[in-house]
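Notes to accompany the following structure.
Chain letters run A, B, ... following the sequence lines, proteins first and then strands; every chain starts at 1.
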Protein chains: 2
Amino acid sequence: MKTNKKTTIQDVANYCKVAKSTVSLVINGNARVSKATRDRIFNAIELLDYKPNLNARSLKNNRNRTLGVISEDLANQYESSIIKGIADRAKFHNYELIICECEWSQEKVANYIEVLLQRKCEGIIITTPLDIGPVLEEKLQMLKNNNIPYVTILNGNVKTDYNAFVSDDEQGLSLALDHLYQLGHTRMALIAGYRDARATIVKEKIFIQYMKGLGTFDPNLIHYTDFQPEGGAMATRKCLAMPMAPTAFIAAGDMIAIGILHAVKSQGLKVPEQISIIGFGGIDLLRYTDPPLSSVNVPRRIIGEMAVENLFKQIRKTEEKIATYTVVPTSLLLRGSTAMIGTI
Amino acid sequence: MKTNKKTTIQDVANYCKVAKSTVSLVINGNARVSKATRDRIFNAIELLDYKPNLNARSLKNNRNRTLGVISEDLANQYESSIIKGIADRAKFHNYELIICECEWSQEKVANYIEVLLQRKCEGIIITTPLDIGPVLEEKLQMLKNNNIPYVTILNGNVKTDYNAFVSDDEQGLSLALDHLYQLGHTRMALIAGYRDARATIVKEKIFIQYMKGLGTFDPNLIHYTDFQPEGGAMATRKCLAMPMAPTAFIAAGDMIAIGILHAVKSQGLKVPEQISIIGFGGIDLLRYTDPPLSSVNVPRRIIGEMAVENLFKQIRKTEEKIATYTVVPTSLLLRGSTAMIGTI
DNA sequence: TTGAAAGCGCTAACAA
DNA sequence: TTGTTAGCGCTTTCAA
């Protein structure tokens, strides 16, 4: 029972007794229309409450001021900081965002890329801790071949051929390891995430390398989880039950670190006096645990902003190819969960 | 330098030597096409990698399988749970989401409503802790008058004429107050949010009423904040410095509660032994404070889901008017931040 | 300075 | 069972 048909450009034209092309010129700020008619038209637009149909416009222009975003999980702090950065810049440019959630599935990512393309998004941002497998790779290649503006936001500086902003997880993990080592720790555990996630793989690599360098590598000190606190807690309990329990824990994600903290405390151990913990990501809520958790800070919001700006560069100059591979350094966010070994 | 023009329905038709309308019929699953040609067409679609242009389609249909979402803050836990629920159901129905962030501004909300309308979203969900002022009211009235599917997600059971899912903040706050009262508390503080937010107003009303009933109402025990921990902490310090400090705190939001907890602890006071605290919202991270914070749980995700389903009801039957006003009850999420007064 | 006309890619009535 | 045709609402030549 939709009542009032939306007024169209034709209605405005009729009302003003001009051609709709004239109205179009006025709307689009073209100067070559006399002030008189322009005023008349603006007036009618106001009066008839005319709003251009953006679908029609974009059918014509093949542009629709829309960016597509594919993210792991909208309720995840790490991701939502990135999205916040994206939203900020999109707003600034007066673009809208179509946001999709891909839930740890390459297939869903691939699928959404198609959907966003069909919807004629002008660019696509893909942010995922997943590793890039063949399904996704094929799509990315397609985007690249067709010069479709896109950016990926990935973990870990593994050179890929795709436009990417990558947080330097290698450097981040080294930072964390160095820090712990300087505090006297030599037996550290890595509580990672999904085994096949890029956010796990990269950290694992550095961790193994570092521990081997130290000569204290023990494969039993690497555990895989679902990136959630519960999983982190479980892995921690296992570690603590070992005959030679670790004195420090590094988490592949902040939620894991929260789980570690809980498990350690519930065993009656003191953080950081007896056990040191470092998270990864730097989400805000770590401020509010007790003690506040130290973490490797990934400038998530800024990454989101950079991704959008890069996308716009690609959108604007379709002539030359703007390949991007930017490694974003991380930093140590020291709060209160690490200390010299055996402080107690 | 966009190279390969996307293949259109015409290309497929040409390739198969049929009319594009036939292709259209096949795409849309219309039965009245011979199996032979249908197969031929499917084949060509595959071969030419044809993907329908959704903009064109929606120009024709005036429907585009898109829902608009206007939310306060994408990085806010409370909101992102709601959005998660929305995203889930949208996915289920194979709809995409255009998500806008309105940042405590009625004007922005009003503005985005227009944008989403121009983009021909089939429905709009507005979720905001703001109170509905004249600017927004006018737009909502417009949506209503024009039978445009929309739902608001609001705080507090204040009867409005608009489609709404409201968390029963009155009942929630009463729950919290009763609980504290039963524990022997009579001197409680309300740390609210922005003074003019609906999420503040409703709670304030109940709080005042309740405390007056108790005969212990003290206006100095109501403070306003920006809904963030820092603000909560500041207000708490002020309360604790009073000659007759409160023994219990109620927060208008969970982030505030976190700030309260910090301030109380940093004054050397024990929670819950000396001071009880209750948050509002029930966000997950409260599990991980020390002690875990009790809170009034608002079923945010479910509210998001219900909002989408309701929207679809409106979208499907445009004939009859589906007015909705659903009050969603809250519950007490008791963790470890409240105790009998003077336990110590 | 303005208008006429074509067309973006699709759907849907109607005809064949 | 298939093709023809006329738009959806807009932009953009080209002509007047």
Side-chain angles (χ1 to χ4, degrees), chain A residues 2 4-45 48-66 114-115 117-122, chain B residues 2 4-45 48-66 114-115 117-122:
Chain A
K2 293 272 167 61
N4 68 330
K5 299 281 305 155
K6 261 292 189 190
T7 65
T8 74
I9 197 170
Q10 187 65 68
D11 298 329
V12 177
N14 289 344
Y15 184 91
C16 295
K17 302 196 193 314
V18 296
K20 56 184 179 162
S21 53
T22 308
V23 179
S24 174
L25 288 177
V26 169
I27 291 169
N28 295 299
N30 192 312
R32 47 191 244 280
V33 177
S34 74
K35 175 119 176 49
T37 40
R38 198 180 333 141
D39 286 348
R40 228 160 17 105
I41 289 173
F42 273 134
N43 222 312
I45 286 176
L48 304 177
D49 191 33
Y50 165 69
K51 302 275 162 51
N53 178 332
L54 263 29
N55 276 323
R57 183 177 284 175
S58 70
L59 175 57
K60 190 74 222 193
N61 295 340
N62 228 16
R63 308 186 43 228
N64 63 4
R65 300 190 81 82
T66 281
E114 282 300 342
V115 171
L117 249 33
Q118 283 189 56
R119 291 194 178 275
K120 301 295 169 198
C121 285
E122 296 183 31
Chain B
K2 293 271 168 60
N4 68 332
K5 298 283 303 157
K6 261 290 189 193
T7 65
T8 73
I9 198 172
Q10 187 66 68
D11 299 329
V12 177
N14 290 344
Y15 184 88
C16 294
K17 301 196 193 314
V18 296
K20 55 184 180 162
S21 55
T22 308
V23 180
S24 175
L25 287 178
V26 170
I27 292 168
N28 295 299
N30 193 313
R32 46 191 245 281
V33 176
S34 73
K35 174 120 177 48
T37 39
R38 199 180 332 142
D39 287 347
R40 226 158 21 103
I41 288 173
F42 273 134
N43 221 311
I45 286 176
L48 304 176
D49 192 35
Y50 165 70
K51 301 276 161 49
N53 178 331
L54 262 30
N55 275 324
R57 185 177 281 175
S58 71
L59 175 57
K60 188 75 217 189
N61 295 340
N62 228 17
R63 308 186 45 228
N64 63 4
R65 300 191 81 81
T66 282
E114 282 300 343
V115 171
L117 250 32
Q118 284 189 56
R119 291 195 179 275
K120 302 296 169 198
C121 286
E122 296 182 31

For B/K120, which contact category applies under a 4.0 Å heavy-atom criterion: base, sugar-phosphate, or nothing? nothing
Quick one: do the B/T37 and B/S34 side chains pair a donor with an acceptor below 3.5 Å? yes
Of the nucleotides D/dG3, D/dC10, C/dT11, which has the atom closest to the B/K60 side chain? C/dT11
Under 4.0 Å, heavy atoms only, any strand: does B/S21 hit a base, just the sugar-phosphate, or nothing? base
Residue mapping more 5' on DNA chain D - nearest nucleotide basis, A/S24 or B/T37: B/T37
Spacing of A/R119 atom CZ relative to C/dC8 atom P, expressed in whole Å: 22 Å
Rounded to the Å, how far apart are A/R57 CZ and D/dG9 P? 14 Å
Separation of D/dC10 atom C1' from B/Q118 atom CD, nearest Å, is 13 Å
Counting just side-chain N and O atoms, does A/T22 come under 4.0 Å of either OP1 or OP2 of C/dG3? yes
Specify the separation, in whole Å, of atom CG of A/N28 and atom P of C/dT1. 17 Å
Hydrogens and angles aside, do A/R65 and A/S58 bring a side-chain donor and acceptor to less than 3.5 Å of each other? no
Phosphate OP1/OP2 of C/dT2 contacted by A/S34 side-chain N/O (<4.0 Å): yes
Just by distance, do the side chain of B/R40 and the backbone of B/K17 share a donor-acceptor pair under 3.5 Å? no
Looking only at the side chain of B/V18 (C-beta and beyond, no hydrogens), which of the listed nucleotides D/dG3, D/dC10, C/dG9 gets closest? D/dG3
Which one, C/dT2, D/dC10, D/dG3, comes nearest to the side chain of A/A56? D/dC10
Round to the nearest Å and state the distance from B/L59 atom CG to C/dT11 atom C1'. 10 Å
Using 0.5 Å steps for rounding, measure from the OH atom of A/Y50 to the CD1 atom of A/I27. 4.0 Å
Rounded distance (Å) that lies between atom P of C/dG7 and atom CG of A/N61: 17 Å
Quickly work out the B/Y50 OH to C/dC10 P distance and round it to whole Å. 3 Å
Drop me the distance from A/L54's CG to A/N61's CG, to the nearest 0.5 angstrom. 9.5 Å
Rounded to the nearest Å, what distance is computed from the CD1 atom of residue A/I27 to the P atom of nucleotide D/dT12? 12 Å
Look at the side chain of A/V33 and decide which nucleotide, out of C/dT11, C/dT2, D/dC10, has an atom nearest to it. C/dT2
